[in-house]
S.K.: 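The structure's right below; bear with me while I get my questions together.
Atom set for the values below is all heavy atoms of this structure, side chains included, hydrogens, waters and symmetry mates excluded. For clarity, every value in this text was computed on a predicted model and none was experimentally measured. Lettering of chains follows the sequences in order, A, B, ..., and the numbering in each one begins at 1.
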Number of protein chains: 2
Amino acid sequence: MKKNILIVEDNADLASLVQLHVLDINCDADIAHDGGQALRMYQSKAYDLVILDIMLPVMDGISLCQKMRDKGAYVPIIMLTSKASELDRVVGLEVGADDYLTKPFSFPELLARIKAQFRTIEALTHKPTHQTSELFQMGYLRMDVGKRLVTIQGKAIALTAKEFDLLLYFAKHPGQVFTRSQLLDQVWGYQFEGYDHTVNTHINRLRLKIEADPAKPKYILTVWGVGYKCGDGI
Amino acid sequence: MKKNILIVEDNADLASLVQLHVLDINCDADIAHDGGQALRMYQSKAYDLVILDIMLPVMDGISLCQKMRDKGAYVPIIMLTSKASELDRVVGLEVGADDYLTKPFSFPELLARIKAQFRTIEALTHKPTHQTSELFQMGYLRMDVGKRLVTIQGKAIALTAKEFDLLLYFAKHPGQVFTRSQLLDQVWGYQFEGYDHTVNTHINRLRLKIEADPAKPKYILTVWGVGYKCGDGI
DNA sequence: GAGTTTTTTCATGATTTTTTCTCCGTTGTG
DNA sequence: CACAACGGAGAAAAAATCATGAAAAAACTC
């Protein structure tokens, strides 16, 4: 996935040069030549990083940096400057920049600093995204209830709604034997008026999908004269 | 809430000086004089930041940095060095440092950089407070919650309020399947009295806007007999 | 308050799933 | 071994679900 970088730099040559270099680390870059343009672009597109020259026409880099910081999402900002004065460096960082480079800088260092910013973001955001949804397992077969996903040895199996509900019912009651009408009551709902035969058909199609050899089922077993139960899949 | 900083520096005078200065920004600091000691301290206490001299006896700063990075939790590392060679700077950043300072450095700048690191952490870890909002992504599609902006491969997509909220809900729960009434409850609010059909229409318009081929959606997928889920967009 | 945009409701046709039905092999029983 | 009940397989019929487009209602703007 390509990252988007916004380069804010009035020197067109330098801007293009930077743009060229960030391509090497798989990043796309747009260029803004003054502060006003930069702010408009920043608001109209989701950038992953901003490279910002502090000396700009129309609006200086410090003000621009503050305005960007006020606009919602956190986007890392790397400041560039020709002044080597310490005061500027400190002001830049105080005002919300995440890093600071003094011109002339080397491109390897710029790229290294860009990557360092991305790494921080990754490390910090790459966390509680994983919803802990209920998981059931029988042998190699796993069911994720929230995602309604079934995998066998990691391979995804596409099930219809009823197939999934039926299989889930077995997975939730390992080893237990159910008659067809019990299954109709529990999975279809007690108000369902239909034939026991319906269950057969569903078990059938389920077996076609999940069993290696549907003639010798391992997950859903027939209990002759009674109904079905789930095996351990092994 | 005081922050804990680990200073890894063999020059005892400089170490104490740094320790003294970080007190000004309400930070406590421990000092390690060599790499082995540093690693033991790093593992035995939860630090918020590490200041690391690259030239160390026993174990050099680069190796130490890598070892720390391997130890799970993300702690920002600021490297110090007397060598001004560009290669070192780049190696330092490549190896997992978040920032890099060349001796002699000024204390205001060191403190500014420390604060910049903390600010990043705050912005990214602190739950989406009103100011700092989050970015969500599914494939080429990105959502900036603060700006209420959606882009696909950098191109901005104009969504209405409901469309945005609905899409955001999917983006926040990747892969999770929702029924139409769940979506009505979660996105519209449980007090909403309306038809499931409403969801269809919105999904429909969303697809027209975000899908390359609305007939073969990649972002919002239909789960037959259940509802909808978001795909990974690829 | 008129005009625009957004949201909701509704109707239709296409598609998928579910149910029903039939045939045939299998299993258990006497 | 024969007979009857049972379960499996497949196809056809029925039902449910969804996409689409259009119209009505509501919300918002100027």
S.K.: Within 45 degrees of the axis of the six-membered ring of Tyr140(B) and under 6.0 Å from its centre: does Lys218(B) put its NZ or CZ there?
M.R.: no

S.K.: Would you kindly give the CG-to-C1' distance between Asn200(B) and dA16(D), to the nearest whole Å?
M.R.: 13 Å

S.K.: Please report, rounded to the nearest Å, how far the P atom of dT20(C) is from the CD atom of Glu193(A).
M.R.: 10 Å

S.K.: How long is the line joining NZ of Lys209(B) and C1' of dT5(C), in whole Å?
M.R.: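 For the pair Lys209(B) NZ and dT5(C) C1', the rounded distance is 10 Å.
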
S.K.: With heavy atoms under 4.0 Å as the rule, sort Val226(B) into base, sugar-phosphate or nothing.
M.R.: sugar-phosphate

S.K.: Can you tell me the distance, in whole Å, between the CD1 atom of Ile203(A) and the P atom of dG7(D)?
M.R.: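 From Ile203(A) CD1 to dG7(D) P: 11 Å.
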
S.K.: Please work out if Val223(B) contacts a base, only the sugar-phosphate, or nothing of the nucleic acid, heavy-atom cut-off 4.0 Å.
M.R.: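 Here Val223(B) touches the backbone only, sparing every base.
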
S.K.: Any side-chain N or O of His197(A) below 4.0 angstrom from OP1/OP2 of dT19(C)?
M.R.: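 Checking His197(A) against dT19(C): no side-chain N or O falls below 4.0 Å of OP1 or OP2.
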
S.K.: Choosing from dG8(D), dA19(D), dA11(D), which nucleotide comes nearest the side chain of Thr222(A)?
M.R.: dG8(D)

S.K.: Does a distance-only test, which skips hydrogens and angles, find a donor-acceptor pair under 3.5 Å between the side chain of Asn204(A) and the base of dA9(D)?
M.R.: yes

S.K.: Rounded to whole Å, please give me the gap between CG in Leu221(A) and C1' in dG7(D).
M.R.: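 These atoms are roughly 14 Å apart.
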
S.K.: Looking only at heavy atoms, what is the nearest atom pair of Leu159(B) and Lys209(B), with distance?
M.R.: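 Between these two residues, the closest heavy atoms are CD2-CD, 3.6 Å.
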
S.K.: I need the CZ-C1' distance between Arg205(A) and dG7(D), as an integer number of Å.
M.R.: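 Rounded to whole Å, this separation is 16 Å.
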
S.K.: Among the nucleotides dT9(C), dT17(C), dG8(D), which one has an atom lying closest to any side-chain atom of Tyr228(A)?
M.R.: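 Side chain of Tyr228(A) sits closest to dG8(D).
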
S.K.: Can you tell me if Thr198(B) touches the phosphate of dT9(C), counting only side-chain N or O atoms and a distance under 4.0 Å to OP1 or OP2?
M.R.: yes

S.K.: Looking across every strand, which nucleic acid part, if any, lies under 4.0 Å from Arg180(B) by heavy atom: base, sugar-phosphate, or nothing?
M.R.: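 Result for Arg180(B) = sugar-phosphate.
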
S.K.: Could you tell me how far apart Lys162(A) (NZ) and dT19(C) (C1') are, to the nearest whole angstrom?
M.R.: 10 Å

S.K.: Evaluate the salt bridge (charged side-chain N to carboxylate O under 4.0 Å, His left out) criterion for residues Glu9(A) and Lys103(A): first the C-alpha distance (whole Å), next the side-chain angles of each, then the deciding distance (0.1 Å), finally the verdict.
M.R.: CA-CA 12 Å; Glu9(A) 168 65 64; Lys103(A) 293 187 204 173; 3.5 Å; yes

S.K.: Check this one for me: any side-chain N or O of Trp188(B) less than 4.0 Å away from OP1 or OP2 of dT8(C)?
M.R.: yes

S.K.: Categorize Phe164(A) for me: base, sugar-phosphate, or nothing, with a 4.0 angstrom heavy-atom threshold over every strand shown.
M.R.: nothing

S.K.: Taking the side chain of Trp224(B) as its heavy atoms from C-beta onward, which of dT9(C), dC18(D), dT19(C) lies nearest to it?
M.R.: dC18(D)

S.K.: With nearest nucleotides of DNA chain D determined for Gly225(A) and Leu208(A) from heavy-atom distances, which residue corresponds to the more 5′ nucleotide?
M.R.: Gly225(A)

S.K.: Would you find a donor on one side and an acceptor on the other, under 3.5 Å apart, between the side chain of Arg69(B) and the backbone of Gly96(B)?
M.R.: yes

S.K.: For Leu149(B) and Ala46(A), work out which heavy atoms get closest and say how close.
M.R.: CD2-N, 3.9 Å

S.K.: Using a cut-off of strictly less than 4.0 Å, decide whether Tyr195(A) has a side-chain nitrogen or oxygen near OP1 or OP2 of dT18(C).
M.R.: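 Checking dT18(C) against Tyr195(A), no side-chain N or O comes under 4.0 Å of OP1 or OP2.
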
S.K.: Using distance alone, with no hydrogens and no angle criterion, decide if Tyr228(A) and Arg180(A) have a side-chain donor and acceptor under 3.5 Å apart.
M.R.: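 Per modelled atom types, Tyr228(A) and Arg180(A) side chains form a pair under 3.5 Å.
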
S.K.: Measuring from the side chain of Arg207(B) (C-beta onward, heavy atoms only), which nucleotide among dA19(D), dT19(C), dA5(D) has the closest atom?
M.R.: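 Of all the options, the side chain of Arg207(B) is nearest to dA19(D).
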
S.K.: On a plain distance test, is the side chain of Thr160(B) in donor-acceptor contact with the base of dT5(C) below 3.5 Å?
M.R.: no

S.K.: Base, sugar-phosphate, or nothing for Ala215(A), non-hydrogen atoms under 4.0 angstrom?
M.R.: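 No contact.
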
S.K.: Rounded off to whole Å, could you give me the CD-to-P distance for the Glu211(A) and dA9(D) pair?
M.R.: 10 Å

